[in-house]
Amino acid sequence: MSEQYSADVVVIGSGIVGALAAHRLALQGASVLILESGPRIDRATLVANFRNSPRKGDFMSPYPFSAWSPHPVYQPEDNDYLVQAGPYPYKAEYIRIVGGTTWHWAAQAWRNLPNDFKIQSQYGVGRDWPISYDDLEPFYYEAEVKMGVSGAPNNGSPRSKPFPMQPVAQSYLEQRFQERLAPGGYQVITNTTARNSRNYDDRPACCGNNNCMPICPIDAQYHGGLAVDAAEKAGAKLIINAVVYRIEHDDKDRIVAVHYYDPQKNSVRVTGKTFILAANGIESPKLLLLSASDKFKNGLANSSDTVGRNLMDHPSNSLVFDAEEELWPGRGPMSPSSINHLRDGAFRAEHAPFRIDISNSSQVASVTQNLIAKGIYGAELEEKIRYYSARQCSLKNVLEILPDPNNRVVLSDKKDALGIPRPQVHYAMSDYVHRGMAAAREEYTRIAQLMGGTNLRYSPDGIYGNNQHITGTMAMGSDPATSVVDAFGRAHDHPNLYIASTGIMPTAATVNSTLTAVALALRSADHIHANA
């Protein structure tokens, strides 16, 4: 054991949320140390990995796996890092390298709606947040400026200032969906994204490569690696391959140090004044549970027994169909636009709300594989590739699941290469979700009809995708008996421990959770600075 480092603020995790909190605090004069369990990989290497990978549809394929900082891998086979305890499989995807999982995100950077913060009061379901939309609004804007968010003004969330950028130019597919769905009462709007529509922050505008997932090859799309670069430029120090395995407290319940292993399992103790736990919604509760002590036998920050509980995501179903006209998806961003009017309403008392995403991903590979599997070859193969690649479209939803304490992350009895227990997940779907999925399927059918769609292929009932928005496992709240952190992200049980993560969100809403998590982290950083 050695003690080599100390800082005013120690941040555990270098994803976009922790890195932007570190950036803010470093600019304000604090000494900041960021501990990242994985290696540092540059964009050029990741782009080359993607180019050379035979698994173009696997968004994890460009990202290296390290034995000391493992993450879930499902292709070509499941590595069983995330242990499934049922009854529904939760195959979360995340990356443990410098910058975290936003390396391979779609860059959707939506704000929640005002009613998303009070669904228990409004609709009698879920739980209310201890803050309002207005409390978070200035930090939403700060996050949008840092990340370079482009968006349409009619996206449903009130704003005090305009977006930093206009939306990225519409693809032909997006334009035709917009024109053909309008008579049916559907407003198609360009997605709010952390993607440049012009030169911004010394990065170029989007040029339409259409592989935003798993990697933007030109950094037109913001990601956690850029956030780490900014934090280091502001004065923060980054330590890579530092696998934190224990958080240490004193007899006054204050956090005094964290302990990490290097890849050779040498242990290092790091001291600080304030600690920010900024791993994701699975790795953060895992670490709190690992840090159990004689006083906190159920893990740190867990006097409420809610650490790891209320796991949420955005399960989705989908429809693939053939439009009656050539749309040629594959030009421009992969997820350019969506339908948003079903994100809120009185129906939320009965079934889950959702947003409908319209895909613009190239269909050439999937169409070709399907045709070859049917035994089609030669001139007919070429003709049908062109026909179906121009017309095949897909829709999916982003649906809210309600908090359920039985959906949770715990420690398993299986261990990784360093001897650290792997996380185990218990997950299930409710009738509230199933009813929302049925409502979404009805909307898909109407949309396909308006597009002159044929050959409709719905995803199987009860089998849902989209496990990348890990939410709710360390929920914020006003009552220490039912929550992990307060309205500023500070642990109820430890006055100098803050949690910055999608995991502190009490509910999941209907949009990708990254922007909200960054805004919450900036609000926490503001509170840390004000109370230093």
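These numbers were taken from a predicted model, which means no experiment stands behind them.
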Any donor and acceptor pair, going by atom type alone, linking the side chain of [X] with main-chain N or O of [Y] inside 3.5 Å?
| X | Y | result |
| --- | --- | --- |
| Asn317 | Tyr458 | no |
| Arg195 | Ala106 | yes |
| Arg96 | Gly38 | no |
| Arg446 | Gly184 | yes |
| Arg422 | Asp80 | yes |
| Asn455 | Asp322 | no |
| Ser14 | Gly99 | yes |
| Lys56 | Arg51 | yes |
| Asn211 | Ile215 | yes |
| Gln221 | Cys212 | yes |

Give the ring-plane orientation class for Tyr63 versus Trp103, where under 30° counts as parallel, over 60° as perpendicular and anything between as tilted.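 Aromatic pair Tyr63/Trp103 classed tilted.
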Test Thr507 against Arg127 for side chain to side chain contact (heavy atoms under 4.5 Å, CB included), laying out the working first. CA-CA 7 Å; Thr507 57; Arg127 58 195 292 175; 4.0 Å; yes
Taking the side chain as every heavy atom from C-beta outward, state whether [X] and [Y] have any pair of such atoms under 4.5 Å apart.
| X | Y | answer |
| --- | --- | --- |
| Thr190 | Pro336 | no |
| Asp357 | Gln108 | yes |
| Ile420 | Lys286 | yes |
| Glu283 | Ile470 | no |
| Ile358 | Glu174 | no |
| Pro315 | Met437 | yes |
| Pro333 | Val168 | yes |
| Tyr186 | Glu443 | yes |

Going by distance alone, is a donor N or O of one side chain under 3.5 Å from an acceptor N or O of the other, for [X] and [Y]?
| X | Y | result |
| --- | --- | --- |
| Thr192 | Asn155 | yes |
| Asn360 | Tyr172 | no |
| Gln122 | Asp344 | no |
| Thr514 | Asn512 | no |
| Ser53 | Ser61 | yes |
| Tyr74 | Glu93 | no |
| Thr516 | Tyr140 | yes |
| Gln178 | Ser337 | no |
| Arg111 | Ser157 | no |

Using 0.5 Å steps for rounding, measure from the [atom1] atom of [X] to the [atom2] atom of [Y].
| X | Y | atom1 | atom2 | answer |
| --- | --- | --- | --- | --- |
| Asp313 | Tyr464 | CG | OH | 14.0 Å |
| Met429 | Asn407 | CE | CG | 8.0 Å |
| Asn298 | Leu288 | CG | CG | 12.0 Å |
| Tyr222 | Ile16 | OH | CD1 | 5.5 Å |
| Arg408 | His426 | CZ | NE2 | 6.5 Å |
| Thr510 | Glu400 | OG1 | CD | 7.0 Å |

Work out which heavy atom in [X] is nearest to a heavy atom in [Y]; give both atom names and the distance.
| X | Y | answer |
| --- | --- | --- |
| Ala509 | Asn112 | CB-OD1, 3.6 Å |
| Pro423 | Val409 | CB-CG1, 4.1 Å |
| Pro329 | Leu173 | CB-CD1, 3.6 Å |
| Ser366 | Gln363 | OG-O, 3.2 Å |
| Gln392 | Arg457 | OE1-NH2, 2.8 Å |
| Ala519 | Ala143 | N-CB, 4.3 Å |

Atom [atom1] of [X] with >12 non-hydrogen neighbours under 6.0 angstrom:
| X | atom1 | answer |
| --- | --- | --- |
| Glu350 | CD | no |
| Gln120 | CD | yes |
| Glu179 | CD | yes |

Residue list, side-chain contact (heavy atoms from CB on, under 4.5 Å) with Asp219, at least two apart or on another chain: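 Listed in chain order: Arg43, Arg203, His223, Leu226.
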Apply side-chain contact (heavy atoms from CB on, under 4.5 Å) to Ala352 and list each qualifying residue two or more places apart in sequence or on a separate chain.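 Only Leu399, Tyr432 meet the side-chain contact (heavy atoms from CB on, under 4.5 Å) criterion with Ala352.
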Would you check, one step at a time, whether the test side chain to side chain contact (heavy atoms under 4.5 Å, CB included) holds for Val398 with Trp110? CA-CA 12 Å; Val398 180; Trp110 299 90; over 6 Å; no
Enumerate, atom names and distances included, each donor-acceptor pair closer than 3.5 Å involving a side-chain atom of residues 372-387, sequence neighbours excluded.
{"from": "Glu380", "atom 1": "OE2", "to": "Lys384", "atom 2": "NZ", "distance (Å)": "3.2"}

Any chance the rings of His314 and Phe354 have centres within less than 6.0 Å? no
Please test Ile131 against Leu520 for side chain to side chain contact (heavy atoms under 4.5 Å, CB included), starting from the C-alpha separation and ending with a verdict. CA-CA 10 Å; Ile131 61 174; Leu520 289 168; 3.7 Å; yes
Under the criterion side chain to side chain contact (heavy atoms under 4.5 Å, CB included), I'd like the reasoning laid out for Leu46 against His104: C-alpha separation, chi angles, the key distance, then a yes or no. CA-CA 10 Å; Leu46 294 171; His104 83 353; over 6 Å; no
